[in-house]
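Worksheet for the structure shown next.
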There are 2 protein chains.
Amino acid sequence: MPVNALISSLPLAEGSTHAHTGAWVASVLRSRIAEGHLLPGAKLSEQALAEALGVSRNTLREAFAVLDHELIITRIPNRGVFVASPGVAGVKEIYGVRRMIEPAALLWGPNLNTEALVSIVIEARAALAAGDIEAMADANQCFHEELVRATGNQHLQELMTRVLAQMRLVFHAMSDAPDFHSHYVELNGSLVELLQAGRREDAANELRGYLDRAEAELLAHLDEEN
Amino acid sequence: MPVNALISSLPLAEGSTHAHTGAWVASVLRSRIAEGHLLPGAKLSEQALAEALGVSRNTLREAFAVLDHELIITRIPNRGVFVASPGVAGVKEIYGVRRMIEPAALLWGPNLNTEALVSIVIEARAALAAGDIEAMADANQCFHEELVRATGNQHLQELMTRVLAQMRLVFHAMSDAPDFHSHYVELNGSLVELLQAGRREDAANELRGYLDRAEAELLAHLDEEN
DNA sequence: TGAACGAAGATTGTTCAACAATTTCCGGAC
DNA sequence: GTCCGGAAATTGTTGAACAATCTTCGTTCA
């Protein structure tokens, strides 16, 4: 288990004393997990983590409460805390959310910023040409985040951020994953074209089909992995 | 593998005295607030609450972390914890969520249960006839919760539950509120009629208008209160 | 051999007491 | 009346402690 080595590289709490340490711990763990340094299924030992982060077990526990609520970690009573690893049910949940919110944003979002979407697609194409899969995945995530930004609503954006964080966990759990992102670049592109033509309803419908196919693809890959 | 392996894979027994006290405290406070026993703006003193609930300050703190994340309470560093009191911005956020999720559920929800909605409308009508405003408000809430249940998605349902909890806070904050609920009974009724006729798109559009008017009404009342 | 048993040892759940950092309260000075 | 300064109260955080629960690992018994 390489977790111990990674934990030791965590930054220690320093300087600013007495300010929402719990939230700080939560954010550190959140990004550590998002970046894939802590992989799904990894156990987060209270004692080890508290020591590594330079905070007390009680403070760490407050961070755990937040991350648990965000579904980034899984707490099993008397067993411990683990990085969440969404299975088939999790993927279905994720796409259930996306299939409602994203088309709704496209169809009814009052702040739809087509230009921002265009520039993201251009970025993604550049990343694709450069063979930078990481950058492409980032761009794809930005695209869908920008989409939900059209709702002009903080709650929905937070939900989407949470869901996309879970998506990252799914990808991290599949180390042998093929490149899921590259062939969505052009799908995003055609979506943007529809938007530029003012055909929001068509765009929403296309997006729904797109999400259906993406879910099916992921589920197929998850099944064959077991 | 030995019997031990089989036993350990069984679902964990609930009700143990030694688990989830933090979650329990959170649920107690949640319902206390929902029922209006703790009004918006009220301060939740750590010491007093911990003593009253018979838990330690640390455990109470874990509950606070959860409720803060649910936006049911507001934490101000070094000042304390208060029951949230959504203002104009909060109401706009709430309706921003509802205006996206509810029509989407109506339009695309795979588990739309028209019969359940019908029976809720019937209940609401009975409450209206009996002059029971409380029951009417409950029925109205059930109606919209059932609507989101059509999405078959837990995340969206949780978000909706959170949003409806904030709605209750808004109503509690307006002690002199007129009866906002009674004239929505028939609007829900006409919505159901459209659904029974299979006209989901029309229903979604009508619901959007309905939510727009409801928001405007609430905002007007909030403005004149200041 | 291999499965069941059971007693350490480790880990989590929770509380308590203490202390530092801030805010709030209150009485006096101008 | 308001401005100031110092108690008093409250929050933020820690460390130790203990009970409950899991894990581990050697022992016993078919």
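Throughout, a chain's letter reflects where its sequence line sits, starting with A, and its residues are numbered from 1.
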Given C:dG13, D:dT11, D:dC22, identify the nucleotide with an atom nearest to the side chain of A:E46. C:dG13
Given D:dT11, D:dT21, C:dT14, identify the nucleotide with an atom nearest to the side chain of A:R61. C:dT14
I'd like a table of donor-acceptor pairs (distance under 3.5 Å, sequence neighbours excluded) in which one partner is a side-chain atom from residues 104-115 of chain B, with atom names and distances.
from, atom 1, to, atom 2, distance (Å)
B:N113, OD1, B:E115, N, 3.3
B:N113, OD1, B:A116, N, 3.2

Residues which pass salt bridge (charged side-chain N to carboxylate O under 4.0 Å, His left out) with B:R79, listed by chain and number, not counting sequence neighbours: none
Applying ring pair (Phe, Tyr, Trp, His ring centres under 6.0 Å), which residue pairs with at least one partner in residues 39-78 of chain A are found, sequence neighbours left out? A:H69-B:H69
Of all residues at least two apart in sequence or in a different chain, which pass the salt bridge (charged side-chain N to carboxylate O under 4.0 Å, His left out) check with B:D138? none
Can you name the side chain to side chain contact (heavy atoms under 4.5 Å, CB included) partners of B:L39, sequence neighbours left out? B:H172
side-chain N/O A:T59 vs D:dT14 OP1/OP2, d < 4.0 Å: yes
Ring pair (Phe, Tyr, Trp, His ring centres under 6.0 Å) filter on B:F143, not counting sequence neighbours, yields none
Can you pull out how bent the helix from C:dT1-D:dA30 to C:dC30-D:dG1 is, comparing the axes over its first five and last five pairs, to 10°? 10°
Which atoms of nucleotides 4-6 of chain D (N or O only) lie under 3.5 Å from a protein N or O atom, and what are those distances?
none

Kindly check if the number of other-residue, nucleotide or ligand heavy atoms within 6.0 Å of CD (B:Q47) is above 12? no
Going by atom types only, do B:Y210 and B:E215 share a side-chain donor-acceptor pair under 3.5 Å? no
Euclidean distance, atom CD of residue B:E62 to atom C1' of D:dT13 [Å, nearest integer]: 15 Å
Rounded to the nearest angstrom, tell me the gap between atom CD1 in A:I76 and atom P in D:dT23. 9 Å
Phosphate OP1/OP2 of D:dT10 contacted by B:R79 side-chain N/O (<4.0 Å): no
Can you tell me the distance, in whole Å, between the CG atom of A:L60 and the C1' atom of C:dT14? 15 Å
Anything under 3.5 Å between a protein N or O and an N or O of nucleotides 16-19 of chain C, put it in a table, one pair a line.
from, atom 1, to, atom 2, distance (Å)
C:dC16, N4, B:N58, ND2, 3.1

Listed by chain and number, what are the side chain to side chain contact (heavy atoms under 4.5 Å, CB included) partners of A:F82, not counting sequence neighbours? A:K43, A:I76
Listed by chain and number, what are the salt bridge (charged side-chain N to carboxylate O under 4.0 Å, His left out) partners of B:R61, not counting sequence neighbours? A:E62, B:E46
B:R168: which residues meet the salt bridge (charged side-chain N to carboxylate O under 4.0 Å, His left out) condition with it, sequence neighbours left out? none
